[in-house]
Amino acid sequence: MRGTTLDLRGYLKVLARRWPTIMVCLLLGIGAGQAANELIRPVYEARTQLFVATRTGAGTAELNQGQSFSQARVQSYAAIVATRQVTEPVVRELGLRTTPEQLASRITAEVPLNTVLINITVRDTSPLSAARIANAVAARFGTVVEQLETPKQAAEPAPSPPAGDPAAEADPAPAPVSPVSLGITERASVPSAPVSPRHLLNLAAGLIGGLLLGAGVVALRETLDTTLKTSEALSELIALPVLGSIPFDKDATKQPLATGAAKHSTRAEAFRKLRTNLQFAQVDDRPRVIVVTSPVPGEGKTNTAANLALSLAEAGIVTCLVDADLRRPCVARTFGLVQNAGLTTVLIGQARIEEVMQQAGSRLSVLTSGAVPPNPTELLSSDRMGELLRELAGRYEAVIVDTAPLLPVADTVGLAPLAQGALLVVRASKTGRDQVRSAAESLSQVGVRTLGTVFSMAPLNKGKGYGYGNYGELPAPRPSGRRKEAAEPAVTHLAGEK
């Protein structure tokens with residue numbers, strides 16, 4: 001039951017997230033219903049009723065026999081209403097521009113249970129024409145039935161009586177008479193409103209159809225969409241802790257570093273939480289050299305590495321950020337530093353570390369990528385790269401290494417074993433499940449210690465949490481008189497110390 005509840009709750013969340021799709025399908029459904037109302041030609045329905053009677057004596061037995069006879073025959077009579085014997089004379093009499101067969105398709109007859117009544121219904125696009133046709137069909141139908149029920153005379157005529165026989169001349173043979181007669185009990189009247197289209201019914205059907213279509217489209221998209229939407233789904237997929245969930249910030253492309261005015265944003269606080277979780281997750285064996293990578297490009301790994309290094313430096317940890325993405329280096333541009341001399345310069349022996357190291361803060365040093373080499377995989381997996389990382393680990397308390405994505409190239413697979421741990425950055429609603437699994441398996445196969453994952457560009461849940469901007473803020477004091485004067489020197493003193 002718990003699993004079912006969670007599945008239903010998850011589906012409702014999906015519907016809420018995909019509400020634009022639901023609205024589009026809903027509007028399409030309503031539009032289709034309205035189009036049906038406009039395009040379908042109005043159809044009117046006229047109804048007449050006939051009573052089937054039998055010609056019998058006045059005795060009770062004969063009346064019962066006649067009643068039974070009528071009920072037994074009335075179903076057969078109803079089947080005759082739409083035959084050519086009825087429709088062809090009606091078409092000719094009323095001068096209709098239709099064939100008898102077409103007219104028959106618009107005529108229906110029904111017999112209420114245990115009655116001798118026949119209800120005839122005619123549908124037409126003109127209300128007046130529907131009533132005229134219904135009355136004409138009823139009249140012609142009664143005539144046809146009576147003709148069919150009238151007994152036929154013998155084939156050979158009876159011998160003529162002798163001439164001058166007064167008895168024969170006074171009592172001629174009676175003509176055959178039908179045992180049943182059909183009388184019209186209710187003539188058709190001109191209908192005042194069409195029976196089709198039904199406007200409200202069509203609109204309701206369009207509304208329901210649009211909702212069902214929207215739900216189906218959302219379900220199909222969710223089934224075909226293999227990307228990860230929540231950090232919980234990420235942790236369940238590869239059984240690694242999610243050390244941080246970085247919310248999406250539309251200004252991150254213009255200001256990738258959470259500094260200055262962005263220092264107190266929700267995004268900056270998320271990086272501080274990542275720093276804290278990373279420190280507490282590895283208390284007994286804290287790694288100094290950490291590789292930051294991702295399954296595919298465009299998942300925010302460079303942004304994560306840069307802001308994590310900044311956050312560590314803010315916490316008083318002497319940190320070094322290394323740009324080891326030698327195919328698309330971005331660290332130098334992010335910090336506004338020189339890129340021409342850096343990691344590759346040291347690896348090929350043209351400079352020492354201290355000669356190309358650049359400062360991005362009091363406790364943050366940055367080793368940019370240097371010139372882009374033709375053989376980045378060989379350089380990053382070389383013994384010289386391992387020596388450089390060990391040297392940096394001896395100089396700094398934390399070394400954050402930004403590397404290339406795992407799946408497109410083999411650079412990180414060769415470099416990661418030289419580090420002491422790795423962070424896997426996964427972008428919300430972009431990275432596929434198979435890509436995440438393949439990336440985690442790639443690190444595991446080369447013996448890399450994966451510290452955890454970072455869920456980047458996640459949707460911000462505004463209804464959850466305290467809100468960093470207001471939480472912990474105290475109202476400004478309102479000193480008056482001597483207390484205000486006494487407070488001013490203290491503020492000046494603190495300002496002087498700062």
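Only a predicted model underlies this, so the values are computations on that prediction, with no experimental measurement involved. Numbers here are sequence positions counted from 1.
Put simply, the side chain of Ser129 never gets that close to the backbone of Ser126: no donor and acceptor are under 3.5 Å apart.
Ion pairing of Arg73 with Glu149 is present here, as a side-chain N (NZ or NE/NH1/NH2) and a carboxylate O approach within less than 4.0 Å. Ion pairing between a basic and an acidic side chain is recognised when a charged N comes within 4.0 Å of a carboxylate O; Arg267 and Asp251 show no such pairing.
Lys430 and Gln435 get closest at one heavy-atom pair: O-OE1, 4.3 Å. The shortest heavy-atom contact between Ile40 and Ser196 is CG2-OG, 4.2 Å. Residues Arg140 and Pro89 share a closest heavy-atom pair of NE-CG, 3.5 Å. When all heavy atoms of Leu243 and Asn277 are compared, the closest pair comes out as O-ND2, 2.7 Å. Residues Ile184 and Ala139 come closest through the heavy atom pair CD1-N, 4.3 Å. Residues Val122 and Ala134 share a closest heavy-atom pair of CG2-CA, 3.6 Å.
Remark: Thr450 OG1 to Leu240 CG distance equals 6.0 Å, nearest 0.5 Å. From Arg327, atom CZ reaches atom CG of Leu380 across 8.5 Å, with rounding to the nearest 0.5 Å. How far CD of Glu299 is from OG of Ser294: 4.5 Å, rounded to the nearest 0.5 Å. Taking CG from Leu50 and OG1 from Thr185, the interatomic distance works out to 6.5 Å, rounded to the nearest 0.5 Å. The structure places CZ of Phe141 at 8.5 Å from OG1 of Thr83, a figure rounded to the nearest 0.5 Å. If you take OG1 on Thr293 and CG on Leu424, they are separated by 7.0 Å, rounding to the nearest 0.5 Å.
Thr121 meets the side-chain hydrogen bond (donor to acceptor under 3.5 Å, both in side chains) test with no other residue; sequence neighbours excluded.
With a 4.5 Å cut-off on side-chain heavy atoms, Thr226 and Asp434 do not count as touching. Counting only heavy atoms from C-beta outward, the side chains of Val86 and Ile107 never approach each other to under 4.5 Å. The side-chain heavy atoms of Leu308 and Leu423, taken from C-beta on, include a pair separated by under 4.5 Å. For the pair Ser311/Arg272, a side-chain contact is recorded, criterion being any heavy-atom separation below 4.5 Å from C-beta on. Using a 4.5 Å heavy-atom cutoff, the side chains of Thr431 and Leu234 are not in contact. A 4.5 Å side-chain heavy-atom check between Leu148 and Ile80 finds at least one atom pair inside the cut-off. For the pair Val372 and Pro329, the minimum side-chain heavy-atom distance is below 4.5 Å.
For the residue pair Asp411/Thr377, the side-chain donor-acceptor check at 3.5 Å is satisfied. In this structure, a donor-acceptor pair under 3.5 Å is present between the side chains of Thr227 and Asp225. Side chains of Gln445 and Glu441: a donor-acceptor N/O pair is absent below 3.5 angstrom, by distance only.
Other residues, nucleotides and ligands place more than 12 heavy atoms under 6.0 Å from the CG atom of Leu220. Atom NZ of Lys273 sits in a sparse spot, with 12 or fewer heavy atoms from other residues, nucleotides or ligands closer than 6.0 Å.
Results of the side-chain hydrogen bond (donor to acceptor under 3.5 Å, both in side chains) test with Asp402 over Asn303, Thr334, Thr302 single out Thr302 as the only residue that passes.
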